[in-house]
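A note on names: the letters A, B, ... follow the listed sequences, proteins ahead of strands, and every chain is numbered from 1.
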There are 2 protein chains.
Amino acid sequence: MAPAAPHQRTTAPTARDGPRAERADARRNRAALLAAAEEVFSEQGISAPIDEVARRAGVGVGTLYRHFPTKEALFEAIVAARIESLATRAEQLAREPDPAAALLSHISEVVAGAVAKKDLFDELARWGYEPIERVHAEYKQRLWRAGEILLRRAQQAGVVRPDLTQEDLTAMVLGTCEGACCALVDAARRPELSKRMVEVLWAGLQAR
Amino acid sequence: MAPAAPHQRTTAPTARDGPRAERADARRNRAALLAAAEEVFSEQGISAPIDEVARRAGVGVGTLYRHFPTKEALFEAIVAARIESLATRAEQLAREPDPAAALLSHISEVVAGAVAKKDLFDELARWGYEPIERVHAEYKQRLWRAGEILLRRAQQAGVVRPDLTQEDLTAMVLGTCEGACCALVDAARRPELSKRMVEVLWAGLQAR
DNA sequence: CACTATACGGAACTATCGTTCCGCTTGTCA
DNA sequence: TGACAAGCGGAACGATAGTTCCGTATAGTG
């Protein structure tokens with residue numbers, strides 16, 4: 001986005017010399033916007049109006065659009081971080097000695113995350129299991145690949161039904177998130193419910 | 001809705017005598033609207049624009065609103081029929097001798113229905129598992145109660161985990177529908193996928 | 001055939017949201 | 001401290017969708 005490096009010019013440092021450093025208020029506002037977006041999107045998901053984010057950040061919409069070209073871009077900035085952390089955690093689990101426990105932890109953590117944060121939920125929901133080859137965002141690829149490894153290892157250990165693909169598992173995990181989040185449940189009971197749902201899913205995944 | 005019986009008056013049958021019978025074109029148009037709504041909503045779900053329904057019925061929106069007070073009312077007219085038929089079928093299953101087979105059939109049929117018809121899917125999704133006491137529509141009550149019986153019988157037969165409530169099961173069935181319908185899957189593979197998901201769910205539901 | 005209650009069509013209205021535009025403000029630097 | 005690029009706010013715009021309104025058309029009746 002930035003047209004060139006802000007410092008070191010070959011010509012004299014006059015006023016017409018390249019772009020100045022970022023102004024302090026701009027940096028403050030961007031931070032405030034990210035914090036507000038984090039709050040708003042985690043509560044209301046991607047359907048939250050953009051004005052709500054600007055309002056809560058204490059800036060006008062114009063300022064929001066100065067920092068992020070579209071609503072999508074702002075949303076992605078938030079949700080990418082969430083997915084990255086899931087991916088990192090999944091990669092870590094993929095190196096654990098017990099493949100069954102690792103897969104179960106992975107599933108539990110994804111579900112718990114989606115149940116707690118509506119933005120993550122919305123992102124997973126619309127992600128669906130789009131053919132992963134067509135997904136360009138590298139953080140999604142990381143999560144997908146780590147999930148693949150976790151599933152394969154659990155299958156090789158004879159713990160999980162060998163006929164399941166990662167698409168199947170993804171659909172089931174996603175379904176578990178959605179079932180637990182469904183419209184009218186009061187949010188307070190979701191964690192407990194989703195725990196039980198993961199239990200049932202896990203039992204259903206067992207080989208034999 | 002009709003204020004009174006259209007025929008037999010005590011006074012003379014003058015022009016100012018009660019409402020006439022429904023005009024033929026009105027009846028035709030209502031039928032066309034229902035047929036169009038059935039098509040459109042089953043393909044696109046409740047988010048289909050109302051104009052699309054009117055267009056496909058070959059009438060103006062004004063006509064649509066003459067017959068149905070809101071979009072909701074039209075949608076409900078369609079979806080109520082679907083839920084009624086699920087409910088009737090569930091009640092029938094509740095009288096079958098094999099409780100396990102009955103519950104499995106019920107689950108399979110709900111999922112298959114939701115995967116095939118987006119209106120049913122949307123309705124179940126937003127229905128969620130709202131406390132059933134608060135649901136007034138009698139056809140939903142029927143489906144819920146039949147589901148309860150099916151679950152209880154399967155639990156008493158020792159087939160299904162006794163700690164599951166109908167809310168749990170509803171959330172799981174709903175989740176299965178949602179997982180299988182997720183955004184980007186090509187619809188052609190949904191039936192197969194959902195069948196496998198029901199298999200896993202069923203395995204997970206087993207007692208011990 | 002004429003008359004009128006009924007029904008029809010679709011333009012217009014309202015509300016919501018994402019996005020753009022532009023006049024004003026302010027941080028930064030000489 | 002003065003000049004000005006960078007940044008800001010928020011009104012206005014455009015798109016979408018549900019709903020209303022009203023002038024026109026017509027089915028049914030005598």
Numerically ordered, the residues 24-49 of chain A set in heavy-atom contact under 4.0 Å with DNA chain D is Asp25(A), Ala26(A), Asn29(A)

Under 4.0 Å from any atom of DNA chain D, heavy atoms only: list the residues of residues 52-59 of chain A that qualify, in numerical order. Gly58(A), Val59(A)

Using atom [atom1] of [X] as one end and atom [atom2] of [N] as the other, report the distance to the nearest whole Å.
X        : N       : atom1 : atom2 : answer
Glu72(B) : dA17(D) : CD    : P     : 16 Å
Tyr65(A) : dC13(D) : OH    : C1'   : 13 Å
Ile50(B) : dG18(D) : CD1   : P     : 6 Å
Leu64(A) : dT19(C) : CG    : P     : 10 Å
His67(B) : dG9(C)  : NE2   : P     : 9 Å
Phe68(A) : dC8(D)  : CZ    : P     : 11 Å
Lys71(A) : dC17(C) : NZ    : C1'   : 8 Å

Determine, for [X] against [Y], whether the closest basic-nitrogen to carboxylate-oxygen distance falls under 4.0 angstrom.
X         : Y         : result
Lys117(B) : Glu123(B) : no
Glu72(B)  : Arg126(B) : yes
Arg153(B) : Glu148(B) : no
Arg56(A)  : Glu52(A)  : yes
Lys118(B) : Glu43(B)  : no

Does one side chain, of Thr88(A) or Arg142(A), offer a donor that lies under 3.5 Å from an acceptor on the other? yes

Please test Glu199(B) against Arg161(A) for salt bridge (charged side-chain N to carboxylate O under 4.0 Å, His left out), starting from the C-alpha separation and ending with a verdict. CA-CA 11 Å; Glu199(B) 243 176 75; Arg161(A) 288 170 55 149; 2.8 Å; yes

Please check if the side chain of Thr63(B) supplies one atom and the backbone of Val59(B) the other of a donor-acceptor pair under 3.5 Å. no

Under 3.5 Å: donor-acceptor pair, side chain of Asn29(B), backbone of Asp25(B): yes

Donor-acceptor pair present, Arg23(A) side chain and dA6(D) base, under 3.5 Å: yes

Would you say a side-chain N or O of Thr63(B) is under 4.0 Å from OP1 or OP2 of dA7(C)? no

Helix axis bend for the helix from dC1(C)-dG30(D) to dA30(C)-dT1(D) - C1'-based end axes, five pairs, 10° rounding: 10°

Ranking Arg66(B) and Asp51(B) by the position along DNA chain D of their nearest nucleotide, the one closer to 5' is Asp51(B)

